[in-house]
Enquirer: 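Take this structure first; my questions come after.
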Amino acid sequence: MPDVDPAWLPPGVFRALGTRRTLIRGSGRLVETVHGEAAEACARFGGRVVRDSGPGDTTDDLVLELTGSDGSDGSEAFTYEREGGLTTVTASGQAGLLHGFFHVVRLGEDAFRGERARETHCPAVALRMVDHWDNVAVHPVMGQVERGYAGGSLFWADGRARGETERVPAYGRLLAACGINAVAVNNVNVHESEAHLLTDRIGEVAEIAGALRPYGIRTHLSVSFAAPVLLGGLSTADPLDASVRAWWAEATERVYESVEDFGGFVVKADSEGQPGPFAYGRSHADGANMLAAALAPHGGTVHWRAFVYDHRQDWRDRTTDRARAAHDHFTPLDGEFAANAVLQVKHGPLDFQVREPVSPLIGAMPGTRLAVEVQATQEYTGQQRHVCWLGPMWSEVLRFRPEGEGGACVGELARGGLVAVSNVGDDPFWTGHPLAQANLYTFGRLAWQPDADPDSVLDEWIRLTFGPEETSDPVRLRGGLHAVLDGSWRTYEKYTAPLGVGFMVQPGHHYGPSVDGYEYSPWGTYHFADRDGIGVDRSAATGTGYAAQYVKPWAEVYESPATCPDELLLFFHHVSYDHVLHSGKTVIQHIYDTHFEGVTEVEQAREVWASLADLVGPARHARVAERYEEQLRSAREWRDQVNSYFFRKSGVPDAHGRRIY
Ligand code: GCW
């Protein structure tokens, strides 16, 4: 493996398996991967792997068996049981065997202890994807990776595919080990060089696909809606034009000639300047269905993003509410999307803020396959300089029931998949901040099982990443890591934008505080603070009507400040500074208190991390320690700017007389 951090697969996690005797039954590409993994573990730890031995051989500890005739049924399910000292994993599909293998790896010694009745494991969500916003060529403003905080791209450097043989497979292996099965390899903002990946540069995509395939990962590509014009020399990209449709059909066919198991296209259309069907007076269903038709004969899927809004809004215009946009645009199209077209919806109505309500689009399109997109890259949550473990936020989203008790939850409604914008780059620690690895891992595990307890997932990540072979005192280290990670999302929320109001970040790069940074901008992201109060009135009665995009009970819950949860109050309502929250505090005092608390919590976390210096490798310790310095500096800046801003606006002093500037 290359000289990168082993993340959640350090050699030690293979000890339990590597000291035992494993029998593997079956054949095929992914079975070979499993065999290779097991053989490497056994070579290291002294166990043995045998293939296809006959019945009656009882000296095995572990049997991994492909039960389907050729394992090509695509199933990712596996069974697991332990009886009479033998652990058995069976799967009808090769991918199932691979996931079953990693299940055993994750269990470690527990996989070989006691008895366990047969369990069937099956992913709740079929498509579990990471989308890379990686540019092939360095973009003058966005750099190599748009919103990337982990160095350059894993896939692309110097304007072409890296062709690196080690890092990409190592990445695929990490992804498979946490349950991810799809990767989109380029930015949804498709610039000129990226556009060519679809046609004359498909060979580079094929290289990447070839490196990921042994881990059961399918490759997807972001494409430009204008490709027929840009690349094909046609005069139009009208989705109903016969020559345009023929162009896509042919281009897609050629993609499959290079990448036989190609997953499909990801499309950002009519969004933030990207071309789309609106230019031709066509709907987004027309656009998506054209691509779906091109992909259908090959078993591919189009992921059509619902992030469509007016990014050239006039801040004086109080009738336009960006939060409404996706629901307004897409609900009229419910039922019109082809079976292999998936509408990919950001989990919140705005843009990956530290706190947003769940998008009302989720649950409002029963006739459409939806995928839900979260952001592992920490654009608005500290940019991998701050510790912010997003497991609890994602879990809340996935468990949210748009129709209330008794209705389906988001994890069930995401029939078209769960997607995370990747937080990985060519950084030796993969994610810039070593602790941000936990976000990628947690995403994969929650995508496999959306109702999993995020704390247990975090615990699993800690156990794998920092096992007994990685540290002298796993128990103390585990306690320390929980102390710094468990509450880190809420800590981040405390010292940044309050009560769901969002943004307040510096324009452009989105790092650090600027309370009015987006207040008079065209982006539709306002907080409307004045001397009397703050927040956006999105009620149906007096505001933008956004609250009415929900059905009951949420439409009613959010409609009134009396029932709206505190943490979302300013997302839904404009209230005065002396409005009393359910917590019993006034809004202004809540702002002051949380900002002081947030900084204190960062100070404490930094101390905890310092106390772990003897338990983690020096490079990792130093990297995190250095980032804590920056997090603390930045958190203080947030605290002082936000508190001073609201003190100056409101004139209300802090009840505890703390320092406000
Ligand atoms: O959050 C915004 C980001 C853009 C991004 C866009 C999107 C890829 O600031 O950088 O563009 O969302 O999701 O398309």
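Numbering starts at 1 and runs along the sequence shown. Quick caveat: nothing in here was measured; it's all calculated off a predicted structure.
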Enquirer: If every non-hydrogen atom of V424 is compared with every non-hydrogen atom of A150, which pair is closest and at what distance?
Expert: C-CB, 4.0 Å
Enquirer: Could you note down all residue pairs passing ring-ring contact (aromatic ring centres under 6.0 Å, His included) where residues 175-203 supplies at least one of them, sequence neighbours left out?
Expert: H139-H191
Enquirer: Once ring pair (Phe, Tyr, Trp, His ring centres under 6.0 Å) is applied, do any residues pair with H327, and if so which ones, sequence neighbours excluded?
Expert: none
Enquirer: Return yes if a side-chain donor-acceptor contact under 3.5 Å exists between T465 and W461, otherwise no.
Expert: yes
Enquirer: For the ring pair Y380 and F352, is the centre-to-centre distance below 6.0 Å?
Expert: no
Enquirer: Establish, yes or no, whether a centroid distance under 6.0 Å links the rings of H103 and F78.
Expert: yes
Enquirer: Do you know which two heavy atoms are closest between V308 and H284, and how far apart they sit?
Expert: CG2-CE1, 3.7 Å
Enquirer: Look at E272 together with R305 and state whether they make a salt bridge at an N to O cut-off of under 4.0 Å.
Expert: no
Enquirer: Hey, what's the ring geometry for H311 with Y309, parallel, tilted or perpendicular (30° and 60° as the breaks)?
Expert: perpendicular
Enquirer: Pairing donors with acceptors under 3.5 angstrom, does anything connect the side chains of D334 and T331?
Expert: no
Enquirer: Ring centroids only, cut at 6.0 angstrom: are W248 and F265 within range, meaning strictly under it?
Expert: yes
Enquirer: Only counting residues at least two apart or in another chain, list the ones meeting salt bridge (Lys or Arg N to Asp or Glu O under 4.0 Å) with D426.
Expert: R162
Enquirer: What about the rings of H132 and Y171, do their centers lie closer together than 6.0 Å?
Expert: yes
Enquirer: Would you mind checking if R201 and E207 are paired as a salt bridge, meaning a charged N to carboxylate O distance below 4.0 Å?
Expert: no
Enquirer: Does one side chain, of E146 or N189, offer a donor that lies under 3.5 Å from an acceptor on the other?
Expert: yes
Enquirer: Any donor-acceptor pair under 3.5 Å linking the side-chain atoms of D5 with those of Q437?
Expert: yes
Enquirer: Salt bridge or not for D310 and R322, using N-O below 4.0 Å?
Expert: no
Enquirer: So, Y256 versus H298: side-chain donor-acceptor pair below 3.5 Å or not?
Expert: no
